[in-house]
Amino acid sequence: KWKGEGTTQNLESIVIGRCYDYIRIVNPSVGEKNCSQIWEAFKNAFINKDPCSILPEDYELFINLTFHTIPPNKSLFWENNQLLVNSFADRGRRYMSLGDTLFGFVGDFLNWCGQADSPGLDYESCPTTTECENNAVESFWRMLSIIYAKHSSGVIHVLLNGSAAGGAYPQPGFFADYEIPNLQKDKISQIVIWVVDDIEGPDIDSCGAHSVKTLETRLTALGYDVTCTDNDKSAPAAQRGPISSDRGGSWNKLMFVSFAGFLFRF
Ligand code: NMN
C-alpha cells in the first residue's frame with residue numbers, strides 16, 4: 001500500500017548481528033553494549049504505531065544505548081557519495097562517518113516500518129519521505145544526523161560530489177538541514193570541504209561556484225574557518241591513476257581522496 005520498499009527481511013538478526021560485529025570486531029573501543037536491548041529500543045521506536053507518526057525523539061532510548069564519542073578530527077560529512085565515503089573512511093580507521101558509528105552502522109542500507117495496531121513489521125511496503133516525512137527510516141536518520149553533528153569536533157571534513165545532477169550541496173538534504181545547524185561552533189576548529197567529481201563524469205559543481213559557494217558562504221557566515229579543495233585542481237593526474245583502470249572509477253576517486261587526505265595531514 002505504500003510506495004517504498006518494505007522492511008528488509010531478517011531485520012532483527014541483521015541489527016543484532018551488526019551490533020556484535022561492531023563492538024567485537026569493527027570498533028571494540030566503544031566498550032560493552034547490550035545488543036538485544038539495543039534491538040528492543042530500535043524496534044520500540046516504530047512498532048505498533050502509525051508508520052507516518054514516527055518522530056526522531058522516538059529513537060532516544062536507542063541513541064542512549066548505542067552512544068559513544070566521535071574522536072576529534074574524524075568526522076566526515078557527505079552528500080551523494082555514500083559508497084566512496086564507506087571505502088574512504090575504512091570503517092572508522094581513517095575517518096568516522098555516521099555509518100562508522102555504532103548507531104549508524106546497525107541501520108545502514110536497511111529499510112523498516114511497522115503498522116498501526118499490529119506488533120508486526122511491514123515487509124510489503126513502507127512510506128517514502130514524499131508520502132510522509134515522519135516515517136521510521138527518515139526519523140531515524142534525522143535523529144542520528146543531529147546527534148552525530150552535535151558530537152563532532154576539531155577539524156570537520158565534508159566530501160561532496162561535484163558531478164551530482166542537483167548540485168554538490170543539495171537543499172533539502174541531511175547535511176544542510178540536520179547537521180550544519182547542530183554543529184557546535186566552540187568545538188570546531190576548521191571545516192574542510194572536498195569536491196570530488198566522478199571519473200569522466202561532468203564537472204557540475206566546484207569550490208566557489210553554484211551550490212558549493214552557497215555552502216561556503218553559509219559556513220563562513222556562521223563564523224567557521226572554511227577551506228575548499230577540488231579534485232581536478234589540486235591533484236596531479238599521476239596521483240589519480242590511469243583513467244581506464246580495470247578497478248573502475250571509484251578506485252580512481254578513492255586514490256585521489258586518499259591523496260587529498262595525505263596532503264591535508266602533512
Ligand atoms: O542521505 P543524504 O542526504 O545524502 O545524507 C548524507 C548526510 O547525512 C551525511 O553527512 C551523513 O552524515 C548523514 N546521513 C547518513 C546516512 C547513512 O549513513 N546511511 C543516512 C542519512 C543521513
Side-chain angles (χ1 to χ4, degrees), residues 4-5 8 11 14-15 18-19 22 26-27 42 45 54 56 59 62-63 66-71 73-92 94-113 126 128-130 133-184 188 191-196 198 204-205 211-212 214-215 218-219 224 226 228 257:
E5 252 179 74
T8 310
L11 184 74
I14 296 172
V15 170
R18 282 184 176 181
C19 174
Y22 193 90
V26 176
N27 187 9
F42 176 80
I54 314 300
Y59 289 99
F62 169 83
I63 290 290
T66 51
F67 186 76
H68 58 82
T69 55
I70 297 146
N73 312 317
K74 290 274 192 169
S75 286
L76 178 60
F77 296 86
W78 53 271
E79 285 291 353
N80 296 306
N81 255 331
Q82 186 170 15
L83 298 180
L84 173 63
V85 165
N86 286 164
S87 343
F88 180 50
D90 201 11
R91 290 182 137 202
R94 189 179 285 113
Y95 287 100
M96 187 178 279
S97 69
L98 176 51
D100 305 305
T101 63
L102 172 59
F103 28 105
F105 191 82
V106 299
D108 220 3
F109 299 104
L110 304 180
N111 215 24
W112 62 89
C113 63
C126 289
T128 59
T129 299
T130 359
E133 59 173 346
N134 291 335
N135 68 66
V137 175
E138 179 76 14
S139 292
F140 175 84
W141 290 113
R142 283 186 185 177
M143 182 64 163
L144 267 59
S145 297
I146 293 166
I147 296 291
Y148 179 69
K150 279 191 174 161
H151 291 91
S152 291
S153 63
V155 180
I156 303 291
H157 289 89
V158 187
L159 183 51
L160 301 177
N161 188 336
S163 302
Y169 169 61
Q171 286 181 285
F174 281 94
F175 180 57
D177 301 332
Y178 300 99
E179 297 184 318
I180 294 178
N182 286 296
L183 293 172
Q184 304 291 296
I188 293 170
I191 300 184
V192 175
I193 304 168
W194 286 318
V195 185
V196 179
D198 289 332
I204 295 175
D205 234 337
S211 76
V212 184
T214 308
L215 172 62
R218 179 177 179 189
L219 294 175
Y224 292 105
V226 182
C228 187
V257 181

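In each ligand, atom 1 is the first atom listed, and ligand 1 is the first ligand listed. Values in this document were obtained by computation on a predicted structure and should not be read as measured data.
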Quick one: nearest non-hydrogen protein atom to [atom], plus distance?
atom                   : result
atom 9 (C) of ligand 1 : Trp78 O, 3.1 Å
atom 2 (P) of ligand 1 : Glu79 OE1, 3.2 Å
atom 8 (O) of ligand 1 : Phe174 CB, 3.0 Å

Is the ring pair Trp112/Phe140 parallel, tilted or perpendicular, if the boundaries are 30 and 60 degrees? perpendicular
Geometry only, no angles: is Tyr148 polar-contacting ligand 1 at N/O separations under 3.5 Å?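 Between Tyr148 and ligand 1, no N or O pair is found under 3.5 Å apart.
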Report yes if some N/O of Trp141 lies less than 3.5 Å from some N/O of ligand 1; otherwise report no.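 No, Trp141 has no N/O under 3.5 Å of an N/O on ligand 1.
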Donor-acceptor under 3.5 Å (Ser163 side chain, Asp198 main chain): yes
Listed partners of Ile146 passing side chain to side chain contact (heavy atoms under 4.5 Å, CB included), at least two apart: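 Once residues adjacent in sequence are excluded, the partners of Ile146 under the side chain to side chain contact (heavy atoms under 4.5 Å, CB included) criterion are Lys150, Tyr178, Asn182.
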Do the two ring centres, one from Phe88 and one from Trp194, sit under 6.0 Å apart?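 Yes, ring centres under 6.0 Å apart.
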What atoms of ligand 1 come closer than 4.0 angstrom to any heavy atom of [X]?
X      : value
Asp108 : 17 (C), 18 (O), 19 (N)
Phe77  : 10 (O)
Gln82  : 17 (C), 18 (O), 19 (N)

For Glu133, salt bridge (charged side-chain N to carboxylate O under 4.0 Å, His left out) partners two or more places apart: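 By the salt bridge (charged side-chain N to carboxylate O under 4.0 Å, His left out) rule, Glu133 matches Arg142.
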Do Val85 and Tyr95 make a side-chain contact, defined as non-hydrogen atoms from C-beta onward lying under 4.5 Å apart? no
